[in-house]
Novice: 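This is the structure I want to talk about, given as structure tokens.
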Amino acid sequence: MADKPHLFLVDGSSYIFRAYHALPPLTRKSDGLPVGAVAGFCNMLWKLLQEGEKGLSGVDPSHIAVIFDAKGDTFRNEIYDQYKAHRPPAPEDLRPQFGLIKDAVRAFNIPAIEQVGYEADDIIATYVQKALVAGADVTIVGSDKDLMQLVQPGVVMVDTMKNKRISHDEVVEKFGVAPDRVVDVQALAGDSVDNVPGVPGIGIKTAALLINEFGDLESLLAGAETIKQKKRRENLIEFADQARISRELVYLKPDVPLEMEIDDLFRDDLDGPKLVSYLKALNFTTLTRRIAEATETEAENVEACDLNIEGWEPAPKMAAEESSASAEGSEGTARSGGPADLAAKIASEVGALSIDNQKYEMVTELTALERWCSEAKRIGYISVDTETDSLDAMQANLVGVSLATEPGKACYIPLGHTKGDDDMFGGGLAEGQIPLDQALPKLKILLEDPSILKIGQNLKYDALLLSRYDIQLNPFDDTLLLSYVLDAGQHGHGMDELSEFWLGHKPIPFKEIAGTGKKQITFDKVELDKATAYAAEDADVTLRLWQILKPRLASERMTTVYERLERPLMPVLVRMEQRGIAVDRQILSRLSGNFAQGMGALEEEIHELAGKPFNIGSPKQLGDILFGEMGLPGGKKTKTGAWSTSASVLDDLAAEGHELPGRVVAWRQLSKLKSTYTDALPGFINPVTGRVHTSYSLASTTTGRLASSDPNLQNIPIRTEEGRKIRTAFVAESGNKLISADYSQIELRVLAHIADIAQLKQAFADGLDIHAMTASEMFGEPIEGMDPMTRRRAKAINFGIIYGISAFGLANQLGISRTEAKDYIDTYFQRFPGIRTYMEDTKQTARDHGYVETIFGRKIHYPQITSKNPQMRAFMERAAINAPIQGSAADIIRRAMIRMDDALIKAGSSAIMLLQVHDELIFELPEPEVEATLPVIKSVMEEACMPVMQLSVPLKVDAQSADNWDEAH
DNA sequence: CCTGCCCCATA
DNA sequence: GTATGGGGCAGGA
């Protein structure tokens, strides 16, 4: 067996793209040459050669080759000219790397193979065929799903990036059929990324079902008449030829004329100096050192070779500028964001890629708008973006709408642009716009058409705005949410960032057309030409992003999360934001006065104690007074070296008997309450509705929680008596009540379930006081008559566990020594060993996959978890431990919110859901309905996991009604 | 006028 | 120890 030849075929092209997208951009230090993908590729190749039998394939290759796609069209374009027609061109900073990677492969003494007219996959298929005939085994190194059809006895696939081995069973799991039928399934299901048409209405699931029933594609098409489902039968008959063409497109051709025979792929020894010389030229310090060691090459004596980088030149400025050395994990090269990259980015903008802002259409006639609508109807989807004069969707006026139907084909429909040169009385509408009352009905038909998918970026804004124009946007896909579901933790999800990341294109900044600061103008004042270039680009970019992200949903098994947890929440939040909550101005203003009075009194005392007046709100001045003039013992310092004046420091000083620090703490509390809440909130009362409408962000936390802003209603005070008073200003309209319903200990319950801790589960089942029970387990004291201090300690530990406990943090929280805290933690783990196992397992999962998951399958990525910086790594580990707990709890309340409105209507209640505060929901309803509604709300929340999941712990919800939020909570 | 920092409100 | 948003200050534009 040991002598059996084993051929490794590396799918080079797909690796280039994966490496490029998965890794942060790197540039060569000396001149800014982009080399991120080259670095990723070389590391992968080196690892592959090094690990041998310990690797995923379990063998050491005797033969190896890396296969690339050649430039230009292939025979597939002759079969179908639209094949891969939607592919955007490679990003600017990736282009010079193709040649570098091929040269790198040769430097490894490995053949780099490509063949004009064929894709890498076909060449691989051909070699597989030949190898099997020659009696060799094959390992395909790659991730492209098309390659799965080649899996058979003697042939496996390994995906080194996902660390997965793909053999027969994995293929069946993905396609529902054996590898030899994968082409048939793909022929039916099609592929939107490669633009393989398939048969409409048939996806992978249905395709597998049909193929399993009929045996293969031809038998299915022959027997299509017998299919029961009307639409499916018709489509199979009508699109039979399209399916046959699709099959030809996805079928990998195993008879490509090859230039190198299998024997030529014999694995050569590494030529140390040659490889080192190449890596040196790229400035890859770490890899150079490793390989020099392994090949016993004296790296210092090897000259860096010249690189073949034709077609790329350093931008003029950046060679001179000193780019900063990179920190984490890089190869001694500069990270993105450095000046070199900035220049490269600007250069790539000027190169403009395929996005041409001047080619967009400005729609000024109704007939043109109708043309766009019918095009949307024909293709079944359209990308949409609205332009307005305000960031607040509750107050904004519609200024224009942009649409896109395919990359590069986009338009802008100006509707509310004004004559810019006039003063505030305005010169009325600018010329050449379709009157709003004519355009709106057309748009309404388009945007509400159930057969047209509306694609947008952050559609919550557009949906809320349009709803005020009596348009209910539906159905829709949101690229913000797609990106969030797929890449939480990898990067942000704003359009500009996504565009730069995926398209290598920087959209026109809003500032550029509207100006900035005091001179900023609203969009209705922007000239129509500029507005068209800016607005249509947004629709164009969004459409392209959708084409990239949407197919990933299915291939990465995230469709359910997107369709059940993410997309349906958007309309729910639109309704909540639109409703708003009543806030009593009088109460706030009275409180403001009280706080001001308290602050004034304290200020006098403080200045007296300090011996002179100073700005109490300035931490710098306060620090000078305390630790300079008064000579108090300074405690901690901030990271910039200044004395810390945080509440904990001031509390410590107060405990030592100093008077001033305590007064400052009290002053700060009042100052915070006044400026952040009682003074700011009235400014958020909408003049039309008289209520406060917060804005919820669906995609700004990594864990799946919502975030609230403008104003943030998720941090209204509750802990102190003074602060609580602010809650009395959140009121029900007269005749109504507020209901507050909150999950009791949801995160600890989730922890008990996920980590499967018997004692915790039992305690929750029995309805025990969980902190007391923890204390009792740890310190052996009975729950009855327990010292409150003991319970407090246990409570802090329970919270600590959820946050990924550290002795340092617990010590800080409890004001005890680090060793003492360490003892507590040890005791805790002794009593609950399952928790330690959970923590270790979670960290391992994060390291293995780069992400962790919630109970409903939401993924949270932690690419930095392998950081070599111990502080950073420890932080990522704690976050990774916390994320499944916090995230699962977030998923649960999301499910409750998604179902709530329907459940209330069905129960005949007119209660409306107004706010969410992570584990709490606030409703408003007519007083007489309270009694009947409370149990509805409770049961929707408590049964939110059902029916797809049954927690092994009961969920408990406390709900009460009152006239204001303080009393209801 | 913008940005980073410090501090602090919530779950 | 986790996750956020926001106000005021101070320094550099």
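Throughout, protein chains are lettered first and strands after them, A, B, ... in sequence-line order, and every chain is numbered starting at 1.
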Novice: For A/I716, answer base if it contacts any base atom (sugar-phosphate contacts may also be present), sugar-phosphate if it contacts only those atoms, and nothing otherwise; contact means non-hydrogen atoms under 4.0 Å.
Specialist: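 Result for A/I716 = sugar-phosphate.
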Novice: Using a 4.0 Å heavy-atom cut-off across all strands, classify A/L810 as base, sugar-phosphate, or nothing.
Specialist: base
Novice: Could you give the CD1-to-P distance, from A/I860 to C/dT2, as a whole number of Å?
Specialist: 15 Å
Novice: Looking at every strand, decide which applies to A/A890 at a 4.0 Å heavy-atom threshold: base, sugar-phosphate, or nothing.
Specialist: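 Answer is nothing: A/A890 stays at 4.0 Å or more from every strand.
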Novice: Need one value for A/G800: base, sugar-phosphate or nothing, where a base atom within 4.0 Å counts as base even if backbone is also close, heavy atoms only.
Specialist: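 Base, at least one base heavy atom under 4.0 Å.
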Novice: Would you mind listing every side-chain hydrogen bond (donor to acceptor under 3.5 Å, both in side chains) that reaches into residues 873-888 of chain A, with sequence neighbours excluded?
Specialist: A/T703-A/Q886, A/R847-A/E877, A/N882-A/Q886
Novice: Side chains of A/D966 and A/K725, heavy atoms from C-beta outward: is any pair under 4.5 Å?
Specialist: no
Novice: Does a nitrogen or oxygen in the side chain of A/R705 sit under 4.0 Å from OP1 or OP2 of C/dT4?
Specialist: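 A/R705 to C/dT4 OP1/OP2: no side-chain N or O under 4.0 Å.
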Novice: Is there a side-chain contact between A/I716 and A/W965, using heavy atoms and a 4.5 Å cut-off?
Specialist: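 SC-SC contact between A/I716 and A/W965 confirmed.
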Novice: Considering only NZ, NE, NH1 and NH2 on the basic side and carboxylate oxygens on the acidic side, decide whether A/D891 and A/R895 come within less than 4.0 Å.
Specialist: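 A salt bridge is absent here (no side-chain N lies under 4.0 Å from a carboxylate O).
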Novice: Indicate whether OP1 or OP2 belonging to C/dG5 is found under 4.0 Å from a side-chain N or O atom of A/T694.
Specialist: no
Novice: Identify whether any heavy atom of A/S644 sits under 4.0 Å from a base atom; if not, whether one sits that close to sugar-phosphate; answer base, sugar-phosphate or nothing.
Specialist: sugar-phosphate
Novice: Not counting sequence neighbours, which residues clear side-chain contact (heavy atoms from CB on, under 4.5 Å) with A/N715? List them please.
Specialist: A/Y677, A/N712
Novice: Would you classify A/R719 as touching base, sugar-phosphate or nothing, given that sugar-phosphate means primed atoms plus P, OP1 and OP2, and contacts are heavy atoms under 4.0 Å?
Specialist: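 Base contact.
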Novice: Please list, in 5' to 3' order, the outermost nucleotides of DNA chain B lying under 4.0 Å from any heavy atom of chain A.
Specialist: B/dC1 to B/dA11
Novice: Rounded to the Å, how far apart are A/K843 NZ and C/dT2 C1'?
Specialist: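 Taking NZ of A/K843 and C1' of C/dT2, I get 15 Å after rounding.
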Novice: Which part of the nucleic acid does A/I718 contact within heavy-atom distance under 4.0 Å: base, sugar-phosphate only, or nothing?
Specialist: sugar-phosphate
Novice: Flag the pair A/K636 / A/W643 as yes when at least one side-chain heavy-atom distance between them is below 4.5 Å, and no otherwise.
Specialist: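 Of all side-chain heavy-atom pairs linking A/W643 with A/K636, none is under 4.5 Å.
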Novice: Which nucleotides of nucleotides 6-13 of chain C have their base under 4.0 Å from a protein heavy atom (B), which only their sugar-phosphate (S), and which neither (-), written as one string 5' to 3'?
Specialist: BSSSSS--
Novice: Whole-Å distance between C/dT2 C1' and A/N798 CG?
Specialist: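 Atom-to-atom, A/N798 to C/dT2, this comes out as 15 Å.
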Novice: So for atom CD, which belongs to A/Q597, do other residues, nucleotides or ligands contribute more than 12 heavy atoms lying within a distance under 6.0 Å?
Specialist: no
Novice: Using a 4.5 Å cut-off on heavy atoms from C-beta on, say whether the side chain of A/T522 contacts that of A/S390.
Specialist: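 The answer is no, as the side chains (C-beta and beyond) never meet within the 4.5 Å cut-off.
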Novice: Salt-bridged, A/D958 to A/K956, with N to O below 4.0 Å?
Specialist: yes
Novice: Answer yes or no: side-chain N or O of A/Q714 and base N or O of C/dT4 forming a donor-acceptor pair under 3.5 Å.
Specialist: no
Novice: If you draw a 6.0 Å radius around CD in A/E656, do more than 12 non-hydrogen atoms from other residues or ligands fall strictly inside?
Specialist: yes
Novice: Determine the sole option in A/L681, A/T678, A/L673, A/I587 for which the side chain to side chain contact (heavy atoms under 4.5 Å, CB included) test with A/S592 is passed.
Specialist: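 Filter result, single survivor: A/T678.
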Novice: Is any side-chain N of the basic residue among A/R691 and A/E577 closer than 4.0 Å to the acidic one's carboxylate O?
Specialist: no
Novice: I need the CG-P distance between A/D891 and C/dA3, as an integer number of Å.
Specialist: 16 Å
Novice: Is the A/Y828-A/Y824 ring centre distance short of 6.0 angstrom?
Specialist: no
Novice: Is a salt bridge present between A/E840 and A/R836, judged by a nitrogen-to-oxygen distance below 4.0 Å?
Specialist: no
Novice: Scan residues 819-830 of chain A against DNA chain B and write down, sorted by residue number, each residue with any heavy atom closer than 4.0 Å; if none is found, say none.
Specialist: none
Novice: Is there a residue in residues 915-923 of chain A whose heavy atoms reach under 4.0 Å of DNA chain B, and which residues are they?
Specialist: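 Heavy-atom contacts with DNA chain B come from A/V917, A/H918, A/D919.
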Novice: Does NZ or CZ of A/K859 lie under 6.0 Å from the centre of the six-membered ring of A/Y851, at an angle within 45° of the ring axis?
Specialist: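 Pair A/K859/A/Y851 counts as cation-pi.
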Novice: Tell me what A/A796 touches on the nucleic acid: a base, only sugar-phosphate, or nothing, going by heavy atoms under 4.0 Å.
Specialist: base
